[in-house]
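One structure is given here, and the rest of the page talks about it.
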Amino acid sequence: MKLRDAPSACPSLWRWLPCPPAELRLDLVLSSGQSFRWWESSPGAWTGVLGGRVWTLRQDGDRLWYTVYGEEEEHREERDECPAKAAKLSAAETDGILRDYFQLDVGLSPLYHAWGAADPLFRKVANDFPGVRVLRQDPVECLFSFICTSNNHISRITAMIERLCQAFGRCLCCLDSRPFHAFPSLSALTGPPPPRSAPVIVPWPRLHPLSASAVPLPGADAEARLRALGFGYRAKFVSGSARAIAEGLGSEGLCQLRTVPYAEARRVLCALPGVGAKVADCVCLLSLDKAEAVPVDTHVWHIARQRYGVALGGKSLTPRAYQEIGDFFRGLWGPRAGWAQAVLFCADLRKGQKPASSQHQA
DNA sequence: TCCGACCCTGCTCA
DNA sequence: ATGAGCAGGGTCG
């Protein structure tokens with residue numbers, strides 16, 4: 001199958017939702033470290049896996065355009081390349097998946113206004129970064145992705161998760177000969193390795209050298225395979241958490257943390273290996289509907305002290321300091337403090353980069 | 001309560 | 001130009 005850039009080439013394969021840039025900026029949201037599975041396949045077009053299907057998204061004015069691969073009536077002979085082809089989705093269903101993922105029912109403009117009224121610093125930054133909203137991700141994908149973020153940076157996290165999906169997730173389809181894999185299921189991360197005739201080696205730019213050289217060892221357990229994929233000490237955390245969830249609440253139970261209070265969800269998550277306060281808060285905010293969760297990393301800690309003058313004792317980010325910083329921002333921004341923090345975080349990530357308008361110049 | 005170790009990468013500074 | 005040194009979006013013991 002071929003990648004699709006824009007609706008103009010084949011309009012019948014695209015749909016759109018009304019969505020002004022003030023409510024969503026695809027480029028800011030999909031590249032700011034909330035999810036690590038979106039790729040700018042051509043300028044302004046974002047391709048990635050969502051809900052077990054491959055999508056390309058694009059914004060044009062007040063429209064959010066999308067296309068889903070593998071939903072066409074013809075080309076059924078390509079089923080051989082896509083053994084995991086699922087039932088066709090209706091337009092209402094795909095619309096719904098996107099609305100849910102981007103939480104489009106949450107109006108962002110009033111929130112920006114309120115945060116700006118309460119916080120002059122926010123107002124200053126937010127002018128240049130409209131449309132930054134929090135995604136509503138799958139809890140399993142979110143948890144295991146953020147276990148990989150410790151002591152790490154976005155480019156490496158992205159490469160690691162790509163390798164994780166290639167090694168443990170099922171192939172959904174190939175676009176311009178690039179394979180796209182689903183995020184691994186819990187059982188894929190716990191159980192014995194599936195018999196694989198040959199390792200998947202992907203000829204594509206920006207792939208980590210390890211993906212070609214250190215392929216998973218057939219017969220090795222999940223942790224060893226993850227180590228071979230360059231996960232380092234996180235291999236133990238990923239396999240350990242997968243096992244703990246599989247033997248405990250299950251992926252459904254993880255999902256049901258959406259309905260319990262923030263503190264309870266956080267407590268359950270922190271009991272998992274490789275999950276501390278920061279990772280737990282990321283999972284709470286980005287997949288469990290806890291809009292008040294404020295993940296505090298060293299970066300946010302720095303901002304809190306330098307720009308907001310939060311006075312805290314020690315030189316290191318102790319659990320107590322962590323709690324106080326979160327409480328400070330919740331007091332400042334209110335019940336969706338995590339959403340406001342995402343805006344500042346995105347702005348800080350882009351500080352020093354070229355403005356978006358000149359991104360694609362030489 | 002406070003470190004140091006942990007895997008690995010990319011940056012800085014001789 | 002090249003390599004040692006070190007911090008980086010944390011967690012655990």
Side-chain angles (χ1 to χ4, degrees), chain A residues 28-37 132 134-135 137 142-164 167 206-214 216 220 222-244 266-287 293-307 312-326 329 338 340-353:
Chain A
L28 297 180
V29 171
L30 296 183
S31 68
S32 60
Q34 287 193 44
S35 165
F36 304 96
R37 301 222 62 207
V132 178
V134 168
L135 298 173
Q137 304 185 52
C142 191
L143 171 66
F144 289 101
S145 295
F146 279 86
I147 286 175
C148 299
T149 62
S150 74
N151 240 311
N152 216 340
H153 49 265
I154 289 179
S155 60
R156 184 171 169 231
I157 298 164
T158 305
M160 280 170 54
I161 291 175
E162 178 65 23
R163 293 196 297 272
L164 177 77
R206 291 191 56 217
L207 263 193
H208 192 279
L210 275 178
S211 63
S213 57
E223 180 184 339
R225 296 178 71 201
L226 288 163
R227 281 199 173 264
L229 290 172
F231 278 61
Y233 61 89
R234 304 170 196 85
K236 184 156 40 93
F237 294 157
V238 170
S239 59
S241 278
R243 191 166 300 276
R266 199 172 187 277
R267 192 186 59 73
V268 171
L269 292 172
C270 283
L272 296 168
V275 181
K278 194 268 182 178
V279 170
D281 275 336
C282 288
V283 177
C284 278
L285 176 66
L286 302 174
S287 72
V294 178
V296 180
D297 51 36
T298 53
H299 209 73
V300 173
W301 184 46
H302 206 70
I303 293 175
R305 288 195 305 175
Q306 291 218 319
R307 293 164 65 187
L312 291 160
K315 293 194 298 287
S316 63
L317 185 54
T318 61
R320 178 178 161 160
Y322 188 104
Q323 181 67 37
E324 287 183 21
I325 291 167
F329 283 122
Q341 190 258 18
V343 178
L344 286 202
F345 188 86
C346 178
D348 229 85
L349 201 62
R350 304 222 153 203
K351 193 173 58 184
Q353 295 183 9

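Numbered from 1 within each chain, the chains take letters A, B, ... in sequence-line order.
Of the P atoms belonging to C:dA7 and B:dC3, the separation is 15 Å, rounded to the nearest Å. For the C1' atoms, the distance from C:dC12 to B:dT9 is 22 Å, rounded to whole Å.
Nucleic acid contact for A:G33: base, since at least one base atom lies under 4.0 Å from a heavy atom of the residue. At a threshold of 4.0 angstrom between heavy atoms, the contacts of A:S32 include nucleobase atoms, whether or not backbone atoms are also involved. When heavy atoms are screened at a 4.0 angstrom cut-off, A:P273 is found touching the sugar-phosphate backbone but no base atom. Residue A:A235 is classed as having no contact, given no heavy-atom separation below 4.0 Å to the nucleic acid. Across all strands shown, A:L226 has no heavy atoms under 4.0 Å from either base or sugar-phosphate atoms. If you check every strand for non-hydrogen atoms under 4.0 Å, A:I154 touches a base. A:V300 comes within 4.0 angstrom of nothing in the nucleic acid, heavy atoms only.
For the pair A:L286 and A:L272, nearest-nucleotide mapping onto DNA chain C gives the more 5' position to A:L286. Place A:F237 and A:H299 on DNA chain C by their nearest nucleotides, and A:H299 ends up nearer the 5' end.
Of all non-hydrogen atoms in A:A277 and A:R266, the two that sit nearest each other are CB-NH2, 3.6 Å. Listed here is the closest heavy atom pair of A:Q341 and A:V294: CG-CG1, 3.9 Å. Nearest approach of A:A244 to A:L272, heavy atoms of both residues: CB-CD2, 3.8 Å.
Residue A:R234 has no polar side-chain atom (N or O) positioned under 4.0 Å from OP1 or OP2 of C:dT11.
Put simply, CE on A:M160 is 9 Å from C1' on B:dC7, counting in whole angstrom units. For the pair A:R320 CZ and B:dC2 C1', the computed distance is 15 Å after rounding to whole Å. Here C:dG8 presents its C1' atom at 11 Å from CG of A:D297, a figure rounded to the nearest Å. Atom pair A:N151:CG and B:dG4:P shows a separation of 14 Å (rounding to whole Å applied).
Distance check: A:D297 CG to A:S150 OG gives 12.0 Å after rounding to the nearest 0.5 Å.
Counting atom types as modelled, A:Y322 pairs no side-chain N or O with a base atom of C:dG10 as donor and acceptor under 3.5 Å.
In A:H153, the NE2 atom is crowded: over 12 heavy atoms of neighbouring residues, nucleotides or ligands sit closer than 6.0 Å.
Ring pair A:F237/A:F144: centre-to-centre distance not below 6.0 Å.
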Output field dot_bracket for DNA chain C (Watson-Crick or G-U, both distances under 3.5 Å, | for other-strand pairs) contains .|||||||.||||

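Taking the side chain of A:T318 as heavy atoms from C-beta on, and the options B:dC2, C:dG10, C:dG9, the nearest nucleotide is B:dC2.
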